[in-house]
Amino acid sequence: MKVLVAVKRVIDYNVKVRVKSDGSDVDLANTKMALNPFCEIAVEEAIRLKEQGVASEVVVVSVGDKACQEQIRTALALGADRGIQIESEGAVDSLSVAKLLKAVVAEEQPELVILGKQSIDSDNNQTGQMLAALTAMPQATFASELKVADGKATVTREVDGGLQTLELTLPAVVTTDLRLNEPRYASLPNIMKAKRKPLDVKSVAELGVELKNNMKTLKVEPPAERQGGIMVSSVTELVEKLQNEAKAI
Amino acid sequence: MTILVIAEHDNAELKPVTLNVIQAATELVNKGADGEIEVLVAGSGCQAVADAAAKVAGVSKVLQADNAVYAHQLAENMSLLITELAPSYTHILAPATTNGKNCMPRVAALLDVAQISDIIAVEAFDTFKRPIYAGNAIATVQSSEAKHVITVRGTAFDAVEAEAGSAAIEAIDFAENSGICRHVSDELAQSDRPELTAARVVISGGRGMGNGENFSLLDGIADKLGAAVGASRAAVDAGFVPNDMQVGQTGKIVAPELYVAVGISGAIQHLAGMKDSKVIVAINKDEEAPIFSVADYGLVADLFEALPAFEAQL
């Protein structure tokens, strides 16, 4: 069984983002970039399926400019077999990414596609569901447990209020939540080996996809700052303030 | 301009977040042409939900799709239904709950339109504000799509009146089963406490709680305040409590009247989930903890002493 994993290059999750003074966007110049944390979990899950003998090949795909090859190499160092970069400049919206991934799915014919539930930059939480729709595959979003056997994927999902388990007929799309697994670190020998693993570059035109972007960002601004509060010296003072000043209890 | 709101429910009751989404729909109507707001209740044995939706202020019609294929509101079947109904509407809104986030992108892709996630303000009928980068930036986005498929952050909008009208209920017969996804089981946390996202008071514990058993120190206070109990991602990652208690960018977004953060340092990712709370209290033994920069009331104390004292004085 072939597993396709889609990954995204994003700002490192430890870095606090700054908004540009002209309000046009966030400032990513000289910012540390990394593999989106949810995508890392997706890669790890695919590699575990391969280690269990369930998956035969793990293919990693990313949409972006040349810099995203760094994140594809990271995934290859973790254990993926080969990479595909779909060349694009600038921001590509979720629907366009889903269309590009659909074209890759048509070429690669994976039985399972695993994606992160959302990227920590645009926070959209859309691409996996859109890919599932476009390819008429079933979907299990926010996965915390995945088992694959007999042409089915049994997936436990994190939903409001608890867990839900679904059984999907393969091929299927799964998006990862935090507790699905804890990703490994790449070893130095594997990082070296990853440099020699195959990485194909494809153009948007080659995949026969016409990108449209009907979403315009008019402005990006920092969130409203909270007014600084006060320090209290005891629980008694805290309760008194909450009762009489804030009237919150 | 007609707006379709997807009701959040469990076949038994209409979830309050639906009232916040209808407020967002009302603002759309106020900022665009005259329009109607209709509510879709898709479920199985969901008559009580449809009846409740019909009473909500501003709702002109309730569409009730009552069929076994919608029992668990699987995205595959729900998206086929909503796509079928879509031609009559300019806007389709759902709450940014796990249900809404699961289903709406699928709807948008089937309609070949972009989707707008997690809006926190309506600027115009086609222009919205939404948080990006875990709420560290707010983007104003304008969509030129013919149809707007949107998820709404409930805590960013007031709730409309739940008992104000009496809209007609229309039965929808369309019922298609994708046949590629089967519901196996639900394992829902049983709790007498309010839901995190709907609670008036939330008390959350972080890594400073030390272990899962110590979360019982929060229970007594939660009982006295009628609060929901939450946790930081650090506490979830450490295995203290289940993920459905997580407040933050990767968990639930809350905005209660009172938020009490206990033993939580205040990582960016946690602040993103609670900084819109009206009053924030932080109890932490580290006076340098970033949580104090967003707190209205900060107390530097050992939580194992402060929590019993807090409970005793309530």
Side-chain angles (χ1 to χ4, degrees), chain A residues 11 13 16-17 19 26 93-95 98 120-126 129-130 132-134 137-139 141-142 144 154 158-169 177-179 214-223 226 228-232 234-236 238-239 241-242 246 248-249, chain B residues 75-76 79 97-98 101-102 105-106 108-110 113-115 117-118 127 131-145 178 180-189 195 225 243-244 249-250 257-258 268 275 279 281 293-301 306 309-310 313-314:
Chain A
I11 186 170
Y13 77 99
K16 189 170 192 311
V17 71
V19 173
V26 297
D93 73 0
S94 310
L95 184 60
I120 62 166
D121 49 4
S122 53
D123 282 335
N124 275 317
N125 195 332
Q126 299 174 351
Q129 296 90 313
M130 287 179 160
L134 297 177
M137 284 196 249
Q139 69 185 51
T141 49
F142 327 138
S144 64
T154 306
E158 307 251 0
V159 296
D160 293 334
L163 300 172
Q164 179 186 61
T165 303
L166 300 177
E167 186 186 84
L168 313 180
T169 305
D177 215 321
L178 278 182
R179 288 199 307 174
N214 290 332
M215 202 68 72
K216 201 159 76 183
T217 299
L218 303 181
K219 187 168 67 176
V220 174
E221 58 197 323
R226 277 191 83 90
I230 59 163
M231 299 304 285
V232 295
S234 68
V235 170
T236 309
L238 175 62
V239 172
K241 293 278 188 199
L242 287 177
I249 57 174
Chain B
E76 293 79 1
S79 57
T97 53
T98 47
K101 290 190 278 194
N102 187 38
R106 195 164 177 120
L110 291 176
V113 298
Q115 193 236 297
S117 294
D118 215 15
T127 308
I132 53 175
Y133 292 90
N136 287 301
I138 307 295
T140 304
V141 295
Q142 184 176 35
S143 164
S144 54
E145 298 284 10
S178 72
I180 48 178
C181 178
R182 186 174 73 83
H183 178 266
V184 178
S185 62
D186 282 330
E187 196 183 311
L188 299 180
E195 275 185 66
L225 294 175
N243 193 40
D244 56 8
Q249 179 193 16
T250 50
E257 297 283 316
L258 173 62
I268 298 169
K275 66 182 168 54
V279 177
V281 170
S293 68
V294 299
D296 298 287
Y297 301 103
L299 174 63
V300 179
F310 191 31
Q313 291 186 37
L314 291 174

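Keep in mind that the numbers below use all heavy atoms, side chains included, and drop hydrogens, waters and symmetry copies.
- From A:R226, atom CZ reaches atom OG of B:S293 across 10.0 Å, with rounding to the nearest 0.5 Å.
- Heavy atoms closer than 4.5 Å to chain A are found in both the backbone and the side chain of B:L188.
- The closest side-chain heavy-atom distance from B:V281 to A:L242 is below 4.5 Å.
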Worksheet item: Taking it one step at a time, do B:Y133 and A:K16 satisfy side chain to side chain contact (heavy atoms under 4.5 Å, CB included)?
Response: CA-CA 9 Å; B:Y133 292 90; A:K16 189 170 192 311; over 6 Å; no

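- In this structure, B:R182 contributes its side chain and A:L166 its backbone to no donor-acceptor pair below 3.5 Å.
- For A:L218, the parts sitting under 4.5 Å from any heavy atom of chain B are the backbone and the side chain alike.
- Here B:F310 contributes atom CZ and A:I249 contributes atom CD1; the two are 5.0 Å apart, rounded to the nearest 0.5 Å.
- Here the side chain of B:N136 pairs no donor or acceptor atom with the backbone of A:V17 at under 3.5 angstrom.
- Of all the listed residues (B:A114, B:A108, B:A139, B:P131), the one sharing the greatest number of non-hydrogen pairs under 4.5 Å with chain A is B:A139.
- Looking at A:T217, the atoms closer than 4.5 Å to chain B (heavy atoms on both sides) sit in the backbone and in the side chain alike.
- In this structure, chain B has a heavy atom under 4.5 Å from the side chain of A:D93, while its backbone stays farther away.
- Using a 4.5 Å cut-off on side-chain heavy atoms (C-beta onward), A:D123 and B:D118 make no contact.
- B:Y297 is not listed as a side-chain neighbour of A:M231, based on a closest heavy-atom distance of 4.5 Å or more.
- Taking chain B as the reference chain and counting heavy-atom pairs below 4.5 Å, the highest number among A:T141, A:D160, A:N124 is found for A:D160.
- The shortest distance between side-chain heavy atoms of B:Q249 and A:I120 falls below 4.5 Å.
- Using a 4.5 Å cut-off between heavy atoms, A:S234 touches chain B through its backbone atoms (N, CA, C, O) alone.
- For the pair B:T98 and A:E158, the minimum side-chain heavy-atom distance is 4.5 Å or more.
- The number of heavy-atom neighbours closer than 6.0 Å to CD of B:Q313, taken from other residues, nucleotides and ligands shown, is above 12.
- With chain A as partner, the option from B:N243, B:T127, B:L110 having the largest number of non-hydrogen pairs under 4.5 angstrom is B:N243.
- For the 3.5 Å distance criterion, the side chains of A:Q164 and B:S185 fail to qualify, holding no donor opposite an acceptor.
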Worksheet item: Passes side chain to side chain contact (heavy atoms under 4.5 Å, CB included), A:V235 versus B:L299? Steps please.
Response: CA-CA 8 Å; A:V235 170; B:L299 174 63; 3.8 Å; yes

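- For B:A306, the parts lying under 4.5 angstrom from a heavy atom of chain A are both the backbone and the side chain.
- Heavy-atom distances place no part of A:A98 under 4.5 Å from chain B, backbone and side chain included.
- Contact tally against chain A (heavy-atom pairs below 4.5 Å) for B:I180, B:V294, B:L314: the top residue is B:I180.
- You'll find the side chain of A:E167 stays beyond 4.5 Å of the side chain of B:H183, heavy atoms only.
- When heavy atoms are compared at a cutoff of 4.5 Å, B:T97 approaches chain A by way of both its backbone and its side chain.
- Proximity to chain A is limited to the side chain of B:E76, based on heavy atoms less than 4.5 angstrom apart.
- Interatomic distance, NZ of A:K219 versus CD of B:Q142, reported as 12.5 Å (0.5 Å rounding).
- For A:L238, the part sitting under 4.5 Å from any heavy atom of chain B is the side chain, from C-beta outward, and nothing else.
- By the 4.0 Å N-to-carboxylate-O rule, B:D296 lies too far from A:K241 to be salt-bridged with it.
- Among the candidates A:V159, A:L163, A:L134, the residue making the largest number of heavy-atom pairs closer than 4.5 Å to chain B is A:L163.
- No hydrogens or angles considered: a donor-acceptor pair under 3.5 Å links the side chains of B:N102 and A:Q139.
- With a 4.5 Å cut-off on non-hydrogen atoms, A:V19 touches chain B through its side chain but not through its backbone.
- Side-chain contact between A:D121 and B:I132 is absent, with no heavy-atom pair separated by less than 4.5 Å.
- In terms of modelled atom types and a separation under 3.5 Å, the side chain of B:R106 and the main chain of A:Q129 share no donor-acceptor contact.
- Considering only heavy atoms from C-beta on, A:Q126 comes within 4.5 Å of B:S117 through its side chain.
- For the set A:N214, A:V26, A:V220, the entry with the most heavy-atom pairs within less than 4.5 Å of chain B is A:N214.
- Of the listed residues A:L178, A:I11, A:T169, A:T165, the one with more heavy-atom pairs under 4.5 angstrom with chain B than any other is A:T165.
- Among A:L168, A:V239, A:L95, the residue with the largest count of heavy-atom pairs under 4.5 Å with chain B is A:L95.
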